[in-house]
J.: 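Sharing a structure with you now.
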Amino acid sequence: MRIEINNLNKSYKNVKALEDINLEFETPSIVGLIGPNGAGKTTLMRILVGQLLFECGSITVDKKDILKDINNFKKKLGYLPQDYELYNELNVEEFIDYMACLKGIHTNRKSIVNECIEKTNITNKRKAKIKSLSGGQKQRVGIAQALLNDPEILIVDEPTAGLDPEERIKFRNIFSQQANKKIVILSTHIIDDVESICNKIIVLNKGKVIYAGNPTKLIKEAVNHVGIIEIPFEDKIDESKFKIISAKLTENGYQYRVVAENIPDNFEKVSPSLEDAYIYSMQKKDKSVKIKVKS
Amino acid sequence: MKKGILLLKNELRIFFKNKIVLASIFLIILVTIAGINSIENSNEMSLHGLMKSSVTVAFGSAKYGSMIGAFVLSFLTIFTLNKDKRKKSEEIINSCTNSTTLISVRLISIIILAVIVSFVSMLLVFFTQKLIIGIEPNFSVYLYTFSLMMLWTSAISVLLSAGLYLIIDSFDISFLISIIIFFTSISSSNYLLKWVTPSATVFSDFGGFSPSGKFIVYSKLLWTVISISIFIIGILFKRKCSEGLLKSFRLNTKTSLNKLTVLVLIICLTGSIVLYTKEPYISNSSLLADNNLINNEEFALYEINPEISFDTVKSSLTATVNYKFSSTGKEDSINFIKNDGLKVLKIKVNGYDTPFKDENDMLKVPVPKDKDISIQICYEGNIKNLSAGSFAGYIDKESIYLLENSYWLIAPVTTPNDFIYSYGKITAPADLCVVPPGKLENVTKSGDTKTWQYSIKTNSIELGVFAGKYKKEVLNAGDVNVEFYYSPKHEKYINDTNMQNYICDIVSFYEESFGSYYTTEYPLKIVETSIYKTGGHSSANVVTVSEYMFNRNEVCNIDNYENPYTLDTFMHDIEIIAHEISHQWWGTGVNAASECPWSNEGLANYSAYKYLCKDFPEEIVFGFTVSSWQWYVNKIEKGYYFNHQDELNNLKSDLKYGLEMEMKKAALYYKMPLCLIEGEKKLGEENFLNVLYNIYTNYTNKNISFNEFLNTANLSKEDIGLE
Ligand SMILES: Nc1ncnc2c1ncn2[C@@H]1O[C@H](COP(=O)(O)OP(=O)(O)OP(=O)(O)O)[C@@H](O)[C@H]1O
Ligand SMILES: [Mg+2]
Ligand SMILES: [Zn+2]
């Protein structure tokens, strides 16, 4: 499958949510969508699943307009929105089975349902009512329903938000196991997740794509732009010149980790993490890029 | 298709896991069962204590079922369609399937639920009747009543509220509007709006379902197309991609609008307009309700000879009627009034075809300025009524009921001669017993029809025809020959209450009090008719009585009554019968030419009261008649407009008409008998009855004015409490 987004624009009443988005996705890939709150991640995903209109630009799936053939596209789609509820009165198995029917799965439904329940590790909760589940367990059910039709494209909006570290790791693994024959697009605020499983990342800020491509390349761009310095209590760091990533308390003062266009010589230069690189990319304003995301 | 069934099964499965759905089912069934006795326990005298049968039990519960079904299923529909929005599961669900398909599947599930609930309620009521009430139920009556009333109403309610929800996209507002539509329907008097409850109070045991059932079917048909239209419009306005009403509409027309949907929408929209405007049963004639037509005095009708043939399958009649007039030669046209369901085919004047002007309810026939005029009118069609609640006429397989004021017989608006002769032939299916006015001359059978020939000499053209599957019993009330026609279904009650004795007793009482029956040539015919017209009627020598008076649950023993309500009901029935029979003396025998309050109605109420006093406990009769008349008259006379009649003209015309009718009714029916009782007090009972006796004997077959009455009785208006 190949999805092309060209010159996509979307604005709400007076907010420009997406501006001149140009992206390409191709099977197989696992794409991390990152960006600050309100960057437009959810908006982009909802447009991609055909639940939101856009003003201009186009989206094609295998060269066909996505809106023209939305019902066919839905058959290949697995989607988990950011903010959702499930049918509380049902138990896990009933709900997954209900969703399987909605997706029109008639042959082998039972075994497909079981498979998804196993894949997402909720076998021990299969008879539990949805309303009795914890946040993480509910997320699993959400993922399970998205995987039912063995989708060619899996779109998940902040699937790891609110999960404990152990649970998060389990989730990441679920996605990476899926990725070999699919396009997986996931949005997150946790750079760690992206770093560990995504082969592509897209950085969105204020509705614009500021980076799209390989994570290592993004890190490379930040080399020489990350530094550490220790400053005694009586002194102060000039916050207008640096973006402070962290401030760690030491015996004599604070040890700051900063990102800046120019790192002064009194700073110790360190190799950037993906998070540093992400913050660094945020600093560079108005740098809309068109970069292909390919494997 | 396979996917549709899968979705449906799926939806139904989770449907029955929902507590609200289960509670709704329970509620609907409970309320439906609570309606089992609603017909007999009604306050309406025609229904109160009516004999329990499949009809009353099924009708009462199906009526309750239709109300609760419409209401609860409307809620459930909106609740279900709103579910994903409310639960924030909309995005997940929409990513899996086409939302129109899902909505359709969900509605079908609710309709399946409606079918199940109606069927289960029906069975529960059926077995309650069989096992607890102990009356053998009739399954086809149940099936007809429940599917026509409860199920159909529920289905309309589902589509209607679904459409409203999809258009409005708000749970509260769409449910509120549904409730408004629901209550408008229940309280409306226009049967076309009555898709929730039927316009009839009960189906007739005597006359079958169709005279009233056709109204129910028609209004449901209308609302079915309306609700389908609203639903399709709803689908077109269904919100999409978080957009508003108009943008969603544009989007929907682009994507999901196919030719079939447009076609169905167009058919349903035009269907609703056509069904509404071309409504076939209700008369929009103002003349039929008008009893103050001014007769043309240049012509006098002296003979009217109809040949009528009824087609009970089509509910229609074909007629050829010959009229003979004497004319002063001054005018050149005669107006006829007719039912607007009838269509004139041909008119001959003095043997020649004549062009005519047929204006719906009025027919203008040009005539030469000769002394003698004969007119022949051929017409056909069916009978329209002023409302769906009370009939002036219908033609049906089970029975035929044609009062003169339905104008089934096209009537000239001319002065009647002193006497009018009428010879007629009435052809009807052979299984019906026809009761014509006057004397039955001959009955001939040909194939599966019978022709009934009658003759009558009368002082008005008020002729009715009645037919049914009657049993005929001949009674002798002194010198009067009484023919009693009733349904064999009610024979037991009639025998148990000794209704024949009451009838003879009433007739003898009037003969003793007022004088001999006005004719020895014809029998007095007493005819049972359906409940679709309550009360009774009297014209020529025929008195009709609505079936419920011969079909009560309990037989009342007046010497030893246990239940005061039974006595009340029975007295009410006897009073109506006595009132209608007394019109044979006051109305047909002597005509109290109406000068408000002087009227046949006043005399009839007085006569019935005198009769009741003879046979029933006097204090109960008094409470039933005199004190209730007083109460009613007081209420009217205390009214604002009664005391400020000049201000009536400031009111809207239908309001004014209603108030005037109310006042007139109070004067004719209640004030007048009170005046007569005053006169009786003044002169003493014996003297007063003597006066009435003299008047009746001297004025037989004539009109008597108020003044003539007062002079004969030697009473002034003040004496009887007027002015
Ligand atoms: N329905 C809406 N109406 C108006 N503005 C909206 C709507 N939804 C989103 N926005 C605006 O569009 C912008 C992008 O929102 P979006 O939800 O796509 O951000 P996001 O990247 O998903 O943020 P988060 O990380 O907080 O989920 C924001 O400025 C937001 O305020
Ligand atoms: Mg978001
Ligand atoms: Zn009367």
Side-chain angles (χ1 to χ4, degrees), chain A residues 10 12-13 42-43 45-54 67-91 94-95 97-107 109 129-131 141-143 145-146 148-149 151 153-157, chain B residues 1-23 79-80 82-106 109 238-244 246-256 258:
Chain A
K10 164 80 195 172
Y12 297 106
K13 273 170 200 115
T42 300
T43 306
M45 288 183 151
R46 293 183 63 203
I47 288 176
L48 267 177
V49 298
Q51 297 202 19
L52 207 56
L53 294 184
F54 46 90
L67 290 178
K68 289 246 165 71
D69 202 14
I70 190 73
N71 287 331
N72 203 17
F73 181 67
K74 279 181 184 174
K75 286 186 193 141
K76 304 175 191 159
L77 170 72
Y79 174 55
L80 185 67
Q82 181 174 8
D83 188 16
Y84 65 93
E85 292 288 333
L86 307 172
Y87 291 170
N88 280 328
E89 70 270 21
L90 302 183
N91 71 32
E94 284 164 348
F95 177 74
D97 189 54
Y98 177 79
M99 296 304 286
C101 289
L102 279 196
K103 293 189 180 210
I105 298 167
H106 20 134
T107 42
R109 197 174 76 233
K129 280 260 168 10
I130 302 266
K131 63 172 165 247
V141 179
I143 299 292
Q145 66 79 24
L148 274 168
N149 50 336
I153 173 160
L154 182 64
I155 298 181
V156 281
D157 199 351
Chain B
M1 194 61 213
K2 202 168 161 192
K3 186 177 175 203
I5 290 170
L6 176 79
L7 283 174
L8 196 60
K9 267 202 225 154
N10 192 32
E11 211 56 54
L12 280 171
R13 214 154 14 120
I14 71 157
F15 221 53
F16 287 102
K17 291 208 170 95
N18 190 317
K19 286 196 188 100
I20 290 180
V21 173
L22 295 176
F79 184 80
T80 306
N82 177 254
K83 175 173 163 176
D84 287 322
K85 190 173 167 189
R86 194 173 59 240
K87 294 199 166 192
K88 292 205 279 183
S89 45
E90 211 171 12
E91 279 191 72
I92 289 196
I93 300 292
N94 279 350
S95 73
C96 299
T97 186
N98 178 327
S99 62
T100 309
T101 314
L102 186 62
I103 288 171
S104 310
V105 167
R106 287 185 168 167
S109 312
K238 178 175 51 99
R239 301 304 186 275
K240 237 181 167 174
C241 298
S242 321
E243 295 292 344
L246 292 177
K247 210 154 182 190
S248 301
F249 176 72
R250 251 174 280 149
L251 214 63
N252 285 325
T253 44
K254 254 186 240 157
T255 53
S256 61
N258 56 37

J.: Tell me the closest heavy-atom pair linking Asn88(A) and Lys87(B), and the distance in Å.
T.: N-NZ, 4.1 Å

J.: Which heavy atom of Arg13(B) sits nearest a heavy atom of Asp97(A), and at what distance?
T.: NH1-OD2, 2.9 Å

J.: Heavy-atom cut-off 4.5 Å, strictly under: side chain, backbone, both or neither for Lys83(B) against chain A?
T.: side chain

J.: With chain A, which of Lys3(B), Lys88(B), Lys9(B), Lys17(B) has the greatest number of heavy-atom pairs at distances under 4.5 Å?
T.: Lys88(B)

J.: Is a side-chain donor-acceptor pair under 3.5 Å present for Glu91(B) with Tyr84(A)?
T.: no

J.: Decide yes or no on side-chain contact (heavy atoms from CB on, under 4.5 Å) for Ile93(B) and Met99(A), but give the supporting numbers first.
T.: CA-CA 8 Å; Ile93(B) 300 292; Met99(A) 296 304 286; 3.8 Å; yes

J.: Could you look at Leu52(A) and say if it's the side chain, the backbone, both or neither that has a heavy atom under 4.5 Å from chain B?
T.: both

J.: Do Glu94(A) and Ile14(B) have side chains that get closer than 4.5 Å, going by heavy atoms?
T.: no

J.: Would you mind checking if Glu89(A) and Lys19(B) are paired as a salt bridge, meaning a charged N to carboxylate O distance below 4.0 Å?
T.: no

J.: Of the backbone (N, CA, C, O) and the side chain (C-beta and beyond), which part of Asp83(A) lies under 4.5 Å from a heavy atom of chain B, both, or neither?
T.: both

J.: According to side-chain contact (heavy atoms from CB on, under 4.5 Å), who are the partners of Glu243(B), at least two apart in sequence or on a separate chain?
T.: Lys10(A), Leu53(A), Cys241(B), Lys247(B), Ser248(B)

J.: For residues Leu7(B) and Cys101(A), report the shortest heavy-atom separation together with the two atoms involved.
T.: CD2-O, 3.6 Å

J.: With side-chain contact (heavy atoms from CB on, under 4.5 Å) as the test, would you mind laying out the steps for Asn94(B) and Val49(A) before giving the verdict?
T.: CA-CA 9 Å; Asn94(B) 279 350; Val49(A) 298; over 6 Å; no

J.: Kindly say whether Ser95(B) contributes a backbone atom to a donor-acceptor pair with the side chain of Lys74(A) at under 3.5 angstrom?
T.: no

J.: Hey, could you give me the CD/SG distance between Gln145(A) and Cys96(B), rounded to the nearest 0.5 Å?
T.: 5.5 Å

J.: Can you see which heavy atom on Asn10(B) is nearest to which on Leu102(A), and at what distance?
T.: ND2-N, 4.0 Å

J.: Answer with side chain, backbone, both or neither: which region of Leu80(A) has an atom nearer than 4.5 Å to a non-hydrogen atom of chain B?
T.: side chain

J.: How many angstroms lie between atom OG of Ser89(B) and atom CZ of Phe95(A), to the nearest 0.5 angstrom?
T.: 7.5 Å

